[in-house]
There are 2 protein chains.
Amino acid sequence: MESAEQKQQAGRPGRVTAAMVAARAGVSTATVSLVANGKTAGRVSEDNISRVRDAITELGYVVDGIGSSLAKGVSSIVILVAPDISNPFFAKVIAGVRESLGPQYQLLLSVTEAGEFPEADDVRRLMSLRPAGLLVDAPNARFIEDLASPSPLVLLDAPGLESYAPSVNLDVASGARQLAAHLAAAGHREAAYVDSVTGTETFAVRRAAFLEEAAARGINVDPERIISTTIDVGTAASAFAAAWPAWQRAGVTAVACGTDTHGYGVLQEARVAGVRIPDELAVAGFDDLPYSATSNPGLTSVHLPATSLGQKAGEQLRRLMEGKALKPGGVTLETSLVVRGSTAAAQG
Amino acid sequence: MESAEQKQQAGRPGRVTAAMVAARAGVSTATVSLVANGKTAGRVSEDNISRVRDAITELGYVVDGIGSSLAKGVSSIVILVAPDISNPFFAKVIAGVRESLGPQYQLLLSVTEAGEFPEADDVRRLMSLRPAGLLVDAPNARFIEDLASPSPLVLLDAPGLESYAPSVNLDVASGARQLAAHLAAAGHREAAYVDSVTGTETFAVRRAAFLEEAAARGINVDPERIISTTIDVGTAASAFAAAWPAWQRAGVTAVACGTDTHGYGVLQEARVAGVRIPDELAVAGFDDLPYSATSNPGLTSVHLPATSLGQKAGEQLRRLMEGKALKPGGVTLETSLVVRGSTAAAQG
DNA sequence: CTGAAAGCGCTTACAG
DNA sequence: CTGAAAGCGCTTACAG
């Protein structure tokens, strides 16, 4: 009785092993493994297949992920590394990834402080889980080099880093140029730029493309009018509050922001400070988050296809993990300017 | 040469094992394990400790998560299950969890379609990773019962489910009542409610508390004026567009929403349809997302402490995972109404 | 304080 | 088509 009771207690957590299934079906654990993994083709008799299947259902057997991973040398985990999980833009990327990855891979999120990339130590700990694949969003070159991942790797929104790994990019430069052109056409001549502190390539490209096109079209953006903050409404608002008096004196009539979130901060502070948008100051961002359509006023923004970004990246990674070839050349998704009230009025 | 070359190639991925460390330090793998896990107290000589530490640094050894998990019977993974990752509210919860969980636990996200909970199958697959702990946000009773988790479990925002597991709750009922009182004081007599389709307890509590307080204060909310949509700006906008004509005929002057996201949808459609906010219609939500301060007009909202929610839940889980006792009674966090322009004007 | 050995649950050549 | 056995990398009683 003692041992029977113990067994029952131990069995409570319901850990059913391949050995139990094998015993029940009257086969070896090797056969159970073959059936459970669908590798029966020409290797297991119909008879044993159904025997094992029945036993699996009756006992409620699920292949143990840990044991399986150890034997295979790789887990079913896909790690998603991103510097900025708090950006709602990111929630859509995640949804896209999840969709294209399918149910057999588990998504593990490497979350860090806003705008910070994980340290080498964090990454090592993660790699010790033997991930099936890695997805890295908006990285910088140093991080990719430190990573030196032996696992399949796909980069998201990593302009200029295509040589390190297959990438899915956004044509943010094109959107940035459209924005500069739009502001120039509206008559702006003195502008400012609110950047992200992340130090990632995508933000560098956004800024460079904007500045270049602005210069080409006669918009002046003095270097001291480029400020950087974390991607956070409150922080951006404070930074803008500190910078605005000088900008105003310099005749600034437009401010471009690296993300919509920065833009909301500017909008918020502008309201507090009584700066009229867009009459006194035009504001624009990147992301085209849902809230940009309902903000006050609506925020002009470079639309970035977040869900597609995640989907495409998930697809590419899946091909890699399954050992299939990737179409060469990488993927670049279009961006486009969405004009709203925050830049609607013409200026002189 | 052949074998040396092979070794080097095989060594390329840098898989350093405890056996290699042991060989280098001149000890057994048992000792390496003890040192690597900081379990040396009274069990390993100072001499061997530093010997092993040196070898670990020199070789760059990291304990293999898979091997370790299999031996221990549990992994370092904490699974976070939530029906609604796309809500930016959630990004803050995640940040809070990450903060209190510390670096030794890895956060794995169970992501599903907006508003849907994972199926039993999904959960089984996740449980096969032998998680160290589980965090479940805004669940319903059925899900928790299906789960029957053998791992430490903490519930977030799960009013009424405290009997299933330790919970960190938000006093959403209080916020809902404050909102109803606010609308009554402003003179509203006919209202509507835009609910989430999630079917989770927290939304049921929000709605019930609002309806009860509204009724007590003379606000009429006919059952057919309660609609449900997924937590998505566009979907909420469409649902409101379809419902508004009838509501208008019935004299509705206020609409409460289960989340701010629903509220943004109403705001968006109201602008399109030319419904004046708040003069013609007052709108309010729950969450107090950052965007509610910058929307047009600002959205009145019941503030929910998202970061604290995540932090507290992470703390509780950590105690559980470390075998410590929890303070009895669970945790309930305060909520409070933040009044903004979307409900500012008094009505008759 | 130390190490040999068993065991965690599975997968995969291998021999038959 | 089938199963015995080795091995994945680690941790933990256990004996010394």
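Throughout, protein chains are lettered first and strands after them, A, B, ... in sequence-line order, and every chain is numbered starting at 1. Keep in mind that what you see is a predicted model, and the values were worked out from it rather than measured. Only heavy atoms go into these numbers, but all of them, side chains included; no hydrogens, no water, no symmetry mates.
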So, B:T202 and B:D157: side-chain donor and acceptor under 3.5 Å apart, yes or no? yes
Determine, stepwise, if the pair B:K72 / B:N37 fulfils side chain to side chain contact (heavy atoms under 4.5 Å, CB included). CA-CA 12 Å; B:K72 284 178 172 165; B:N37 290 293; 4.0 Å; yes
Give the C-alpha distance, both sets of side-chain angles, the deciding distance and a yes or no for side chain to side chain contact (heavy atoms under 4.5 Å, CB included) between A:R15 and A:D64. CA-CA 9 Å; A:R15 181 113 17 244; A:D64 183 78; 3.9 Å; yes
Check this one for me: any side-chain N or O of A:S68 less than 4.0 Å away from OP1 or OP2 of C:dT11? yes
State which of D:dT12, C:dG3, C:dC1 makes the closest approach to the side chain of B:S45. C:dC1
From D:dC8, C:dC8, D:dT11, nucleotide with atom closest to A:L70 side chain: D:dC8
Atom CZ of B:R124: over 12 foreign heavy atoms under 6.0 Å: no
Give one of base, sugar-phosphate or nothing for B:V32, where a contact means two heavy atoms less than 4.0 Å apart. nothing
Under a 3.5 Å cut-off for both distances, is D:dG16 Watson-Crick or wobble paired, and to whom? C:dC1
Side-chain N or O of A:R43 closer than 4.0 Å to phosphate OP1/OP2 of C:dT12: no
Which nucleotide sits closest to the side chain of A:V63: D:dG9, C:dT2, C:dC10? C:dC10
Where the side chain of A:A71 is defined as all heavy atoms beyond and including C-beta, which of D:dG3, D:dG7, D:dG9 is the nearest nucleotide? D:dG7
Considering only heavy side-chain atoms of A:A30, the closest of D:dC8, C:dT11, D:dA4 is D:dA4
Measure CD/B:E46 against C1'/C:dC1 and give the value in whole Å, please. 12 Å
Rounded to the nearest angstrom, tell me the gap between atom CG in B:D64 and atom C1' in D:dC8. 9 Å
Between B:M127 and B:L134, does the side chain to side chain contact (heavy atoms under 4.5 Å, CB included) criterion hold? Intermediate values first, please. CA-CA 9 Å; B:M127 296 311 285; B:L134 245 62; 4.0 Å; yes
If you measure from OG on B:S128 to CG on B:L126, what distance do you get to the nearest 0.5 Å? 8.0 Å
Taking the side chain of B:T31 as heavy atoms from C-beta outward, which of D:dC10, D:dT12, C:dG3 is closest to it? C:dG3
As a test of reading the structure: which of C:dG9, D:dT12, D:dC8 is closest to the side chain of B:S33, going by heavy atoms? D:dT12
Below the 4.0 Å mark, does D:dG3 have OP1 or OP2 next to a side-chain nitrogen or oxygen of A:S28? yes
Between C:dG9 atom C1' and A:M20 atom CE, what is the distance in whole Å? 11 Å
May I have the distance from B:R51 (atom CZ) to C:dT2 (atom P), rounded to whole angstrom? 9 Å
Rounded interatomic separation in angstrom, taking CG from A:N37 and C1' from C:dT12: 11 Å
Spacing between A:R130 atom CZ and D:dC10 atom P, to the nearest angstrom: 8 Å
Please report, rounded to the nearest Å, how far the P atom of C:dT2 is from the CG atom of B:L34. 10 Å
Given atom CD1 of B:I56 and atom P of D:dC10, what is their separation to the nearest angstrom? 10 Å
Just N and O in the side chain of B:N48: are any of them under 4.0 Å from OP1 or OP2 of C:dC1? no
At under 4.0 Å between heavy atoms, what does A:A18 touch on the DNA or RNA strands: base, sugar-phosphate, or nothing? sugar-phosphate
Of B:V44 and A:I66, whose closest DNA chain C nucleotide lies nearer the 5' terminus? B:V44
So does A:K72 get a side-chain nitrogen or oxygen closer than 4.0 Å to the phosphate oxygens (OP1/OP2) of D:dG7? no
